[in-house]
Number of protein chains: 2
Amino acid sequence: MKIDPSDLRRVSVFKEATDDDLSLFVENSILRMVEEGEFFFFQGDPAKYFYILVSGKAKLLQSNPAGQQVNLRTINEWQMFGALGAVRPDAIYPATAQALEPCTALAIESVFLHDALQTRPYLNFGLMQLMTGYIQEMQERYRELATERVERRIALTVLRLAAQIGKRSGGEETMVELPLSRQDVAEASGTTIYTVSRVLSDWERRGLVETGRERVLIKNPHGLVQISEGLDQ
Amino acid sequence: MKIDPSDLRRVSVFKEATDDDLSLFVENSILRMVEEGEFFFFQGDPAKYFYILVSGKAKLLQSNPAGQQVNLRTINEWQMFGALGAVRPDAIYPATAQALEPCTALAIESVFLHDALQTRPYLNFGLMQLMTGYIQEMQERYRELATERVERRIALTVLRLAAQIGKRSGGEETMVELPLSRQDVAEASGTTIYTVSRVLSDWERRGLVETGRERVLIKNPHGLVQISEGLDQ
DNA sequence: TGTCTTATTTGCGCCAGCGCAAAGAGGGAT
DNA sequence: ATCCCTCTTTGCGCTGGCGCAAATAAGACA
């Protein structure tokens, strides 16, 4: 597989990059394939590389000492991840990255980005915008987890995942397909597979979604928005 | 009150700044006093200024539509807050900032920092380090909220607050004083004042802390660490 | 010193959501 | 077509923690 440097411009941080810069990054990258369920890196490893997902989907997760997991973020094509190491020289990955589907990704040494940041202001800005986005998302999700009931949280989570990794489904207007197991949704909304299953079954009875093995099809996004805002019942 | 530019070097972002730069920031700042309980800015306001806390303590909080609050971060002297506006041009504050004590703070226009970032690489790096720190803290707290029991979460919260805003108390070795109400702790750990009260009373019976009105004195930090790691009982 | 306000404690009842366990369903491999 | 593995569903019982309400304590202020 060959990566055209100009493809990199789909990465938000590289939106403003020159062609030369893009070529430079591609030349200094390694293409890595990761099987479904396998890992890019583990929480605690030295953050030697950062990644750009070329195809597939992945998730960032964190485990507590007892091994319970939470999903921090879902990663789609042309998103950058594991880039904190470029900012802190001795950094370790604060989370684990796992492939949700068979993935290909460009791996680039953190120091390479670190050095590039020194001389390319646009990269600094792009990276900071990315970071402020994460901060805001994490703050919101934290508040949701602290203050909202499960059903609402699951609705918010499903909607967020739909925006991040959903595929418009069929010929239909607003149907969105999500390749996620109950486990994935539970980890992303801070609950259990049992509760997710019960809630999804209920939604299915109400015609809001269609579910299947490792699959959620959103038939009525507006209905989910109403639930997420507590406007239903 | 007069601010000596060199005091600004205590702000992590300005660690590497030149004297000239520091003076420039001070000259372009307004000194704002905020009474205890009053607000620097509200979630949703246009992020026109960022702040550097000169004295006092403050907190960043977020409210959900129903008005329930969660504490996102506690701010101590010489910490910068509300700086996201410098990165996104049309930004609004994603959280509310409220004084925990009478506060004085330097207010500087976001665009001033924005412009300064263009020409001063050290600022970019400082700000990014700050951001990665927040991201990691929020990720951890999110995981804790999702996977840990309340008592453990309260222990983790109290220890974190002790590190961020605690004052070494008395002549004693490891006693730390926190000027926080049950409400503050509840909002910071994602629970209720009732549960915080019950847990603190229990800890007091076990000799780990001493409590008072809007006050927590940690007598045995190691004991709290044990609780936070689930090593007690 | 007495009054008022606000913070804290604690008894009590309740229920949302957890998690076991067992049954059911989907899909890949041979 | 059948086996097998993994994912999902759902009944059931349980409990951690919520939150009301009432009592108590600690300051603030006159």
Side-chain angles (χ1 to χ4, degrees), chain A residues 35-38 64 66-70 98 100-102 144-158 177-206 209-217 227 230 232-233, chain B residues 35-37 64 66-70 100-102 144-158 178-206 209-217 227 230 233:
Chain A
E35 302 288 308
E36 178 169 344
E38 293 304 306
N64 74 356
Q68 287 171 84
Q69 301 186 344
V70 291
Q98 183 177 23
L100 288 171
E101 306 174 353
E144 287 167 12
L145 194 51
T147 66
E148 309 296 353
R149 289 270 150 92
V150 262
E151 185 181 20
R152 211 185 280 198
R153 259 163 38 217
I154 295 174
L156 286 159
T157 301
V158 168
E177 176 97 32
L178 290 171
L180 295 170
S181 68
R182 304 297 172 274
Q183 182 79 38
D184 292 321
V185 177
E187 286 172 8
S189 53
T191 179
T192 63
I193 51 170
Y194 312 110
T195 300
V196 170
S197 176
R198 282 184 259 264
V199 168
L200 288 184
S201 295
D202 181 44
W203 289 351
E204 186 150 30
R205 259 171 251 125
R206 292 157 65 185
V209 300
E210 211 175 283
T211 64
R213 193 189 167 95
E214 297 178 301
R215 193 180 80 92
V216 178
L217 175 70
I227 289 172
D232 61 323
Q233 294 142 26
Chain B
E35 301 288 306
E36 178 168 345
N64 73 355
Q68 288 171 82
Q69 301 185 345
V70 290
L100 288 171
E101 307 174 352
E144 287 167 14
L145 194 52
T147 65
E148 309 296 352
R149 290 272 148 94
V150 259
E151 185 182 20
R152 211 184 282 199
R153 259 162 39 216
I154 295 174
L156 287 159
T157 302
V158 168
L178 290 171
L180 296 170
S181 68
R182 304 294 173 275
Q183 183 80 38
D184 292 322
V185 177
E187 285 172 9
S189 54
T191 179
T192 63
I193 51 168
Y194 312 110
T195 300
V196 170
S197 176
R198 283 185 258 265
V199 168
L200 288 184
S201 295
D202 181 43
W203 289 353
E204 187 152 29
R205 260 173 250 125
R206 291 157 64 184
V209 299
E210 210 174 284
T211 65
R213 194 189 167 95
E214 295 179 303
R215 194 181 78 91
V216 179
L217 175 69
I227 290 172
Q233 294 143 26

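In what follows, every chain begins at residue 1, and chains take the letters A, B, ... in the order their sequences are listed. Just so it is clear, the structure is predicted and the values come from calculations on it, not from any experiment.
The stretch residues 183-196 of chain B touches DNA chain C through B:Y194, each having a heavy atom within less than 4.0 Å of the strand.
Note that CG of B:L178 is 8.5 Å distant from CG of B:L217, once rounded to the nearest 0.5 Å. Rounding to the nearest 0.5 angstrom, the gap separating the OG atom in B:S197 from the CD atom in B:Q183 is 12.0 Å. Within the model, atoms CD1 of A:I154 and CG of A:L200 stand 6.5 Å from one another, a figure rounded to the nearest 0.5 Å.
Looking at heavy atoms from C-beta onward, B:T191 lies in side-chain contact with B:V196 at the 4.5 angstrom threshold. Residues A:W203 and A:E151 are in side-chain contact: their nearest non-hydrogen atoms beyond the backbone lie under 4.5 Å apart. Annotation: side chain of A:R215 is not in contact with side chain of A:P179 (no heavy-atom distance under 4.5 Å).
With rounding to whole Å, A:L178 atom CG is found 17 Å from D:dC7 atom C1'. B:Q68 has its CD atom 17 Å from the P atom of D:dG17, to the nearest Å. Note: CZ (B:R153) to C1' (D:dG16) measures 11 Å, nearest angstrom. A:W203 places its CH2 atom 16 Å from the C1' atom of D:dT9, with the value rounded to the nearest Å. If you take CG of A:D202 and P of D:dT8, they are 18 Å apart, rounded to a whole angstrom. Distance A:E210 CD to D:dT8 C1': 16 Å, rounded to the nearest Å.
Residue contacts for A:R198: at a heavy-atom cut-off of 4.0 Å it reaches a base atom on one of the strands shown. If you check every strand for non-hydrogen atoms under 4.0 Å, A:S201 touches sugar and phosphate atoms only. Note on B:R152: nothing from the nucleic acid sits closer than 4.0 angstrom, heavy atoms only.
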Could you list all N or O pairs between the protein and nucleotides 26-30 of chain D that sit under 3.5 Å apart?
| from | atom 1 | to | atom 2 | distance (Å) |
| --- | --- | --- | --- | --- |
| D:dA26 | N3 | B:R213 | NH1 | 3.0 |

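The phosphate of D:dT6 (OP1 or OP2) has no side-chain N or O of A:R182 nearer than 4.0 angstrom.
Around CD of B:E35, the count of heavy atoms belonging to other residues, nucleotides or ligands within 6.0 Å does not exceed 12.
With sequence neighbours excluded, no residue forms a side chain to side chain donor-acceptor pair (under 3.5 Å) with B:R149.
Checking side-chain atoms of B:R153 against main-chain N and O of B:G190 turns up a donor-acceptor pair under 3.5 Å. One N or O on the side chain of A:E204 and one on the backbone of A:T211 form a donor-acceptor pair closer than 3.5 Å.
Listed by first and then second residue, the salt bridge (charged side-chain N to carboxylate O under 4.0 Å, His left out) pairs that reach into residues 190-202 of chain B are B:D202-B:R205, B:D202-B:R206, sequence neighbours excluded.
Across the helix from C:dT1-D:dA30 to C:dT30-D:dA1, the helix axis at one end is tilted relative to the axis at the other end by 40° (nearest 10 degrees, each axis from five pairs).
The outermost nucleotides of DNA chain C lying under 4.0 Å from heavy atoms of chain B, listed 5' to 3', are C:dT6 to C:dC12.
Heavy-atom minimum distance, B:I193 versus B:A186: N-CB, 3.7 Å.
In summary, the side chains of B:E214 and B:S181 do not present any donor paired with an acceptor at a separation below 3.5 Å, with no hydrogens or angles considered.
Electrostatic pairing of B:E144 and B:R152 does not count as a salt bridge here, judged by no charged N lying under 4.0 Å from a carboxylate O.
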